[in-house]
Amino acid sequence: MERRALLLGRLGFFAVTVFLLKVIFLVFSAKAQGSLSPSNATSGGVHREGYCSMYGICAQRSDGKFLNCASGSLSTKPDDLLSSKIQSLCPTITGNVCCSAAQFETLRDQVQQAVPLLVGCPACLRNFLNLFCELSCSPNQSLFINVTSTKQVNNTMTVNGIDYFITNTYGEKFYNSCKDVKFGSMNTRVMDFIGASAQNFGDFLAFLGSQAALNAPGSPYKIDFETNAPLSSGMKPINSTVYSCGDSLLGCSCGDCSSSSTCSDSAPLALLEKDSCKVAMGSARVKCVDFSLAVLYITAISGLLLWGFLFRKRERGPVSEPEPFLKDNGDNELLSGYKHQNTNPPMHMSKRSLMLKVLQPAIVQDFMARIFRKYGAFVSRKPTLVLSLSLAVPILLCIGLIRFRVETKPEKLWVGHGSKAAEEKRFFDYHLAPFYRIEQLVLATVPVSENAMAPSIVTDQNMKLLFEIQKKVDTLHANYSGSMVSLADICLKPLADDCATQSVLQYFKMNQKRYDDYGGVQHAEYCFEHFSSEETCRSAFQAPLDPGTVLGGFSGSNYSDASAFIITYPVNNEAGDTGYQNGKAVAWERAFIRLVKEELVPLVEPQNLTLSFSSESSIQDELERESSADVVTILVSYLVMFAYISFALGDSPQWPSFLVTSKVLLGLSGVFVVILSVLGSIGFYSVIGVKSTLIIMEVIPFLVLAVGVDNMCILVHAVKRQTTDISLEGKISNALVEVGPSITLASLAEVLAFAVGSFIPMPAVRIFSMFAALAVFLNFILQVTAFVALIILDIWRTNDNRIDCFPCVKLAPSVGSERVILQRKPEFLVRYMEDFHAPMLAIPGVKIMVIAAFTAATFMSIALCTRLQPGLDQKIVLPRDSYLQGYFDDLAHYLRVGPPLYFVVKDFNYSLQSNQTNKICSISQCDSNSLLNEITKASLIPESSFIAKPAASWLDDFLVWLSPEAFGCCRKFVNGSYCPPNDQFPCCQPNEDSCGISGACKDCTTCFHQSDLYEGRPSTAQFKEKLPWFLKASPSANCAKGGSGTYSSSIDLTGFDSGMIQASSFRTYHKPLSGQMDYVNAMKAARDFSSRVSDSLKIQIFPYSVYYIFFEQYLNIWKTAWTLIAIGLGAVFIICLVITCSLWTSAMILLVLAMIILDMMGVMAILKIQLNAISVVNLVMSIGIAVEFCVHITHAFLVSSGDRGSRAKAALCTMGASVFSGITLTKLVGVIVLSFAKSKVFVVYYFQMYLALVLIGFLHGLVFLPVLLSICGPPSRWVAEEKPEDQPTVSTENN
């Protein structure tokens, strides 16, 4: 993605290639048209005032460049017309000159190529012109120019080398005045072109003075810039004024001159991040958060140990046995659910009265108990009716599955309604242009050993292989709607008929014949250094090609050491997803991927090379493949859980009674009920047009199965606990009264926790919450209706001695008696809880250790939470065998460019009165705090701003283009129509080798005189008239500032006649981004920057990059996560408070749930699991499953009698086995299967997170919670009531 906009910075600058070095050196050969003066000069000559060192043209080189005569003649006096012309260009030269009128005209025509590049910085332009004016026309030329080498051509001595004497101060000031001047349209500095990226004045002048090879642009003779003139020669360095870029009259903008006085008051860009608070501990530095948590933990543990010491005697006192859950002869329904366990009521006797403990449940709980008792009696009598009616609703909802659709488009999954990034993308696509599609190849060498460096890719053999690859790509055709589509039909063609392919082959015009003609690899290596100046290095689509964009694996600018070729094919794009152009592109892209897999990869592998590849549609295609890649793994996971469930619900496997007592059919029926609730939820939302997501298909079945299986185990075990001497109706009623309230409490808490998540704007999370809430609710309804009915039917089958799964087969009655005996024997998990688990947790020392360990884990998790990183590694969501895995690895290893960044200005008022032009531009006379100046300053500190380069500015180039000083750009014919530069048609005919000044454009004049502009700015009418001219003007050597191709999609001209430009963009680049956090921080930095500048300038500005829409979620992912967690926990707390009417109980459940979530986040940090929509969904789901670990234990504790220790033991013995079997073991066996998934997203976000959830939930629910309850649990619902001696105390019969 990030490579897409690399082309835009180059497409409009094809003409600059002609300029580059040639701009400067053709000035020296400008004397070609001069009148010849007789010369017998040799090296040296006369060095006095008024004498020339060179005058006239004596000959031509074989490539057509003119050679000056070595002459020591006197300077001549020009006529008035020539003098005025020289003064207009070279104001420092007066009186006699060393150039003729024709020579000056040639000089003027040649320097016009440099003027558009430098006119934005008047000081640099003036210094540049003065350097060559003095060289060409100074009347005292001989004082600082010495001919050091001559060459005889056609019997004439011509100049072959000169010394140009300057002072160090002159050279330093000249270089400093130009070193920071921007070349906006290529997002770089002018020094990269006129000075070969020189870092000092010596390198700068050495580049200017180098002698050009044959057919290469530049000077026909060598110029050595010297600082020390021979004392005996009478020569001295040039004494010409050099202007500083901060000069008060010729000063440059802040963007072109950081030392300008207008920039000194500019506030520096604020750093994105500040050093976090740290505490020094010796040589180590500890984060303040970690230090504070450590102090708090030590304090808490000290308090705990003190408590243990003070109350150890109390803890060692006699422990009362758990008192049974009994009722008096009143109407307490909740109590009757437990009375089968013990028929002896707790009482205290006195002479006159009996003290009887009575259970007083909360009003809501007692009401629920009454409802469940009545419902239990009803369903026991009519299970078939209840089963039929309960299944009818979800089955009807499943009809909606015919409209089932899955949403796979990332922007519709992660970008919520009202998203800022989505709105900005729509604005950009509509007003400017949608970003084009990218197809890419990365061809790389392989190191000979593990620790060795990869060899260079730039070899003759590899270049020829690349031509062969390119030939196959060019001839590839794909069928789309009956027509054949090739790359040429869909590729981006900015200015000509050639595709804007980014490849090293562009240095040979994509033509293998020219590979040999140009000199093969040597030419490519030459172009690496001279891509911006050498005509033969120009691409087929007429743009200079930066080697950094087509090579990879090099350091610095050592391009020849590159170990990878990067080939990019930009393809036209359309806004929306169903456009005809996009359809053709997708068809070709899929054919392209097949070609690479079937032909290109086998072609390169024998050459010890690797080839990675990608197309615009690759990610979506691979995501769709990933959705079906692990279907078998998921099914196996569920089947394993189904098998365990069926086993866990049955009795001890004793043959042959196991044939009857097993619950395989009941387990499968329960699983069917769970699946039906999920399908019913999906069907309902499908009917109303809500698309499903992959997260729903992968997470919700697991979630609902976890909740459903837990309820199934609790219900079955509650029925098993009933004594055999009561009726079936009594068993079902008592079981529902016993566990119904806790099941209802847990289910309603989960439903509400998920339901409130549906208000989150992120679509993936919102849709998950909606589907999950309805699925859990349907599951609860079906559990207490259909599954209870199924339990009754299974009891009928068991009582009738019929084989499980084959109820038609009936065993002999003797098996049944054996079954009754076995049924009374406690199950293994129940025995484990009673004999080991609960007694172990009752030991005081164990309690202290448990509290200390779990508190430490929570504090550590809080500290680790701060280390969680937002993001989602794109490699994780792809199948492990995806070809994109290697592609992303290669991009990270080889890529040397960052993603493109656009600063978009909305409603730009270009009227002269608004002054918004100066608030945006960055050339001379622009505001120091203008948008483009601020971007330039930000690019100087990319570590914090994440901006790598100055912005390409259509506004700067437009203002320069229409400036009278850029006399080769904005021109008009006599009739007022647009006149192109002299080197374009019709001024220059296509068949002409060179263009003269006597052709069709001889009468063209500049659009404006300086007096026509107001302080260099056009009026509103002038702006309105000339902007369309600029956007249609093609750049060329005579005017590199033309906007055609370069800025065609940077401005929306719709309605601009009103004085307002609705949208315009200024392109720059982020620095290379290496990880998810870099992308997030770069986006945040760009938005902060835009907000600050917008507020300062009172102009609407926003940043846009193609990846922002996918990373915006991470700017607020922490807020989203904490909001969902807080809402979920709050919903559970409220439901618990309403049903239990106990603030104490609700607070303890809330505490344990919060600890589970914090520990989950701590584990995420340890496992380096990033925070994203998937992990947030898992955290929300964790609340739902954690409720199951806590609520049932807490409810059992609440309705138990005795002291806290005995009640905790009773809760574990009663509900611990069901919770352990229903959630922990069931999920454990299912989760382990997910570790074999092909997709890493399953391994990371499902296997690792689910496994952590199961283990953390088990430890908190069955270890920490019982210990906490035994220490500070809520008081028992049992209260003592006084009864008269003559009143019956207990009724042991079921009413």
Side-chain angles (χ1 to χ4, degrees), residues 88-89 91 111-112 114-129 177-178 180-185 190 243-257 260-263 905 908-933 936 950-972 1005-1027 1029-1031 1033 1039-1043 1047 1051 1059 1061 1064 1066 1097 1099:
S88 67
L89 185 67
V111 297
Q112 74 176 5
V115 169
L117 302 178
L118 305 176
V119 71
C121 181
C124 173
L125 176 62
R126 175 46 50 203
N127 293 334
F128 182 87
L129 292 177
S177 70
C178 295
D180 292 326
V181 178
K182 303 183 304 298
F183 187 12
S185 53
V190 170
Y243 298 94
S244 166
C245 63
D247 186 85
S248 58
L249 297 178
L250 297 176
C252 308
S253 69
C254 291
D256 291 331
C257 179
S260 174
S261 58
T262 59
C263 306
V905 176
F908 165 39
N909 185 343
Y910 61 79
S911 66
L912 190 60
Q913 294 75 17
S914 72
N915 198 39
Q916 286 195 5
T917 297
N918 285 337
K919 291 182 177 181
I920 296 175
C921 67
S922 63
I923 61 173
S924 178
Q925 299 182 17
C926 296
D927 293 349
S928 62
N929 65 337
S930 69
L931 168 62
L932 293 168
N933 277 330
T936 301
S953 169
W954 67 266
L955 183 58
D956 283 356
D957 284 357
F958 171 59
L959 295 176
V960 169
W961 179 84
L962 59 75
S963 170
E965 292 178 326
F967 42 81
C969 292
C970 185
R971 306 195 306 167
K972 59 185 178 181
T1005 59
T1006 57
C1007 295
F1008 304 109
H1009 297 294
Q1010 195 64 47
S1011 59
D1012 295 333
L1013 304 176
Y1014 179 77
E1015 295 184 353
R1017 300 293 178 259
S1019 66
T1020 305
Q1022 292 168 341
F1023 199 114
K1024 183 189 306 182
E1025 177 189 9
K1026 297 302 186 257
L1027 182 58
W1029 286 20
F1030 167 73
L1031 294 177
C1039 181
K1041 293 295 185 178
Y1047 299 118
I1051 311 170
I1061 295 177
S1064 64
F1066 302 90
L1097 303 181
I1099 299 175

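We're numbering straight along the sequence, starting at 1. This is a predicted model, so every value here is computed, not measured.
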Review point. Below 4.5 Å, heavy atoms only, C-beta onward: do P1018 and K1026 meet side chain to side chain?
Key: no

Exercise for review: Could you check if a side-chain atom of C921 sits within less than 4.5 angstrom of a side-chain atom of D956, using non-hydrogen atoms only?
Suggested key: yes

Check your understanding: Strictly by modelled atom types, are S922 and N933 linked by a side-chain donor-acceptor pair under 3.5 Å?
Key -> no

Check your understanding: What closest approach, in Å, do T936 and P950 show between heavy atoms, and which atom pair accounts for it?
Key -> OG1-CB, 3.9 Å

Study note, to complete from the structure: Separation between OH (Y1047) and CG (L955), nearest 0.5 Å, reads 10.0 Å

Check your understanding: Which pair of non-hydrogen atoms, one from T1006 and one from P964, has the smallest distance, and what is that distance?
Key -> CG2-O, 4.2 Å

Review point. Is the shortest side-chain N to carboxylate O distance from K919 to D927 below 4.0 Å?
Key: no

Review point. What distance separates I923 CD1 from L118 CG, expressed to the nearest 0.5 Å?
Key: 12.5 Å

Practice item. Looking only at non-hydrogen atoms, find the nearest pair between S930 and L1097 and report the distance. Key: C-CD1, 4.2 Å

Practice item. Drop me the distance from S953's OG to L931's CG, to the nearest 0.5 angstrom. Key: 8.5 Å

Practice item. Taking all non-hydrogen atoms of both residues into account, name the closest pair between Q1010 and G1016 and its distance. Key: NE2-CA, 4.1 Å

Review point. What is the distance from atom CH2 of W954 to atom CD1 of I1051, rounded to the nearest 0.5 Å?
Key: 4.5 Å

Point to revise | Any side-chain heavy-atom pair of I1099 and F908 under 4.5 Å | key: no

Check your understanding: When the ring centroid of F958 is compared with that of F1023, is the distance short of 6.0 Å?
Key -> yes

Point to revise | Nearest heavy-atom neighbours spanning W961 and A1033 | key: NE1-CB, 4.0 Å

Review point. Could you state the interatomic distance from NZ (K1041) to CZ (F1030), rounded to the nearest 0.5 Å?
Key: 8.5 Å

**Study point:** SG(C121) to SG(C178) below 2.5 Å
**Key:** no

Practice item. Measure the spacing between OG of S177 and CG of N127 and express it to the nearest 0.5 Å. Key: 4.0 Å

Exercise for review: Using a 4.5 Å cut-off on heavy atoms from C-beta on, say whether the side chain of E1015 contacts that of N918.
Suggested key: no

Practice item. Decide yes or no for Q1022 and R1017: does some side-chain heavy atom of the first lie under 4.5 Å from some side-chain heavy atom of the second? Key: no

Exercise for review: For the residue pair E1025 and C1007, establish whether any side-chain heavy-atom pair is separated by less than 4.5 Å.
Suggested key: no

